[in-house]
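Written out below as structure tokens is the structure these notes cover.
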Amino acid sequence: MAQPLRPQSEAELVARARALSGRRVGELASELGQPCPPDLRRAKGFVGGLVERALGADAGPRALPDFSLLGVELKTLPVDARGRPVESTFVCTIPLTEVANLEWEASPVWRKLRRVLWVVVEGQRSLPPAQRRIGEPLLWSPSPAQERALRFDWEELAGLIGRGDVERITGHLGNCLQVRPKAATSRSRRRGTDRDGAFFDAMPKGFYLRATFTATLLAEHFVVSAAG
DNA sequence: GATTGATCATGT
DNA sequence: ACATGATCAATC
């Protein structure tokens with residue numbers, strides 16, 4: 001595969017993603033001139049980066065959607081043999097000292113999730129990365145009900161952080177969004193705000209989508225026939 | 001088996 | 001330091 005150019009429309013992007021469906025990660029890697037790691041322990045973002053390059057994502061590490069021209073974010077989603085997500089999905093890091101002042105519409109969660117191209121990929125650990133097949137893409141925006149659910153969780157979690165309770169939040173909170181560590185090590189720290197409004201060195205945190213949420217959104221779009 | 005907290009690589 | 005891309009591995 002030659003160097004892909006940026007897709008010029010959502011239709012072109014989806015057509016490219018559909019063309020990857022059924023192919024294996026190992027094939028795609030060799031076509032892009034990249035060695036495929038034997039496992040993902042030291043290459044956790046490998047499949048995501050590979051699909052980005054195959055589809056012509058242009059944003060790089062900038063704070064822009066992966067397809068900046070189209071305003072579309074790309075997420076690869078590892079699934080098991082039944083097509084159910086095997087992992088939560090990282091959304092964004094949390095600006096701990098700012099979330100209290102952000103409305104939902106201006107939140108990094110909404111900005112990331114308003115338009116997403118999900119690319120399902122086999123993700124069973126028993127399957128070497130090179131053998132994993134790429135599945136169907138889904139260009140998605142939250143339904144009104146999904147947006148309400150996301151917004152509800154955002155307001156609860158951002159509210160707690162804004163009140164200085166970030167260190168009391170665990171991964172148990174939130175129905176579809178959750179807050180978990182997002183750091184190189186457990187010693188990592190970034191500036192947060194305590195209950196008195198003073199800064200302190202807090203664990204860096206990120207918002208993640210629960211696998212139950214992504215499972216539901218896939219199920220709503222990929223209708224499974226009784227015949228299988 | 002599902003979930004939570006911890007961690008890995010790379011680039012600016 | 002912190003953003004991007006996520007999965008690992010201990011525990012529930």
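Letters A, B, ... mirror the listed sequences (proteins, then strands); counts begin at 1. Note that this is a predicted model, so its numbers are computed, not measured.
Between A:Arg210 and the phosphate of B:dT4, there is a side-chain N or O to OP1/OP2 separation shorter than 4.0 Å.
Put simply, CG on A:Leu209 is 15 Å from C1' on B:dT3, counting in whole angstrom units. Atom NZ in A:Lys182 sits about 9 Å away from atom C1' in C:dA3, given to the nearest Å. Rounded to whole Å, atom P of B:dG5 lies 18 Å from atom CZ of A:Arg187. When rounded to the nearest whole Å, the span between CG of A:Asp80 and P of B:dG1 equals 11 Å. One interatomic measurement links the two molecules: CG of A:Asp39 to P of C:dT7, which rounds to 13 Å at whole-angstrom precision. The separation between A:Arg189 atom CZ and C:dC2 atom P is 13 Å, rounded to whole Å. One can place NZ of A:Lys205 at 22 Å from P of C:dA6, the figure rounded to the nearest angstrom. Rounded to whole Å, atom P of B:dG11 lies 10 Å from atom CZ of A:Arg53.
Side-chain atoms of A:Gln131 and A:Glu122 include no donor-acceptor pair closer than 3.5 Å.
No side-chain donor-acceptor contact under 3.5 Å links A:Glu87 to the backbone of A:Pro85. Looking at A:Ser30, its side chain does come within 3.5 Å of a backbone N or O of A:Gly26 through a donor-acceptor pair.
At the heavy-atom level, A:Gly45 lies under 4.0 Å from base atoms of the strands shown. Within the 4.0 angstrom heavy-atom criterion, no nucleotide atom of any strand lies near A:Ala211. Among the protein residues, A:Thr170 comes within range of the sugar-phosphate backbone only, with heavy atoms under 4.0 Å from sugar or phosphate atoms but none that close to a base. No contact: A:Pro204 has no heavy atom under 4.0 Å from any strand. Within 4.0 Å (heavy atoms only), A:Thr89 reaches no atom of the nucleic acid at all.
Residue A:Lys44 places its side chain closer to B:dC8 than to any other of C:dT4, B:dC8, C:dC2. In this structure, of B:dA6, C:dT7, C:dG5, it is B:dA6 that holds the atom nearest to the side chain of A:Pro181. Of the candidate nucleotides C:dG5, C:dC2, C:dT7, C:dT7 has the atom lying nearest to any side-chain atom of A:Tyr208. Candidate nucleotides C:dA6, C:dT7, C:dA3 were compared by shortest atom distance to the side chain of A:Arg190, and C:dA3 ranks first. In the set C:dG5, B:dA9, C:dT7, the nucleotide with an atom closest to the side chain of A:Glu73 is C:dG5.
In this structure, the side chains of A:Ser88 and A:Leu209 stay at 4.5 Å or more apart for every pair of heavy atoms. With a 4.5 Å cut-off on side-chain heavy atoms, A:Glu167 and A:Lys205 count as touching.
Nearest-nucleotide assignment on DNA chain B puts the 5′-proximal partner with A:Gln178, out of A:Gln178 and A:Thr185. Nearest-nucleotide mapping onto DNA chain B: of A:Val179 and A:Arg42, the residue sitting toward the 5' end is A:Val179.
For DNA chain C, the residues of residues 100-118 of chain A within the heavy-atom distance limit of 4.0 Å (strictly under) are A:Lys112, sorted by number.
Closest of all the heavy-atom pairs between A:Leu70 and A:Pro7 is CD1-O, 3.9 Å. For the residue pair A:Arg190 and A:Leu96, the shortest heavy atom distance occurs at CG-CD1, 4.1 Å.
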Under 3.5 Å between N/O atoms: give me all the protein pairs with nucleotides 9-12 of chain C, atom names plus distance.
{"unit_1": "C:dA9", "atom_1": "N7", "unit_2": "A:Arg125", "atom_2": "NH2", "d": "3.0"}

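Note on the helix from B:dG1-C:dC12 to B:dT12-C:dA1: angle between the axes of the first and last five pairs equals 20°, rounded to 10 degrees.
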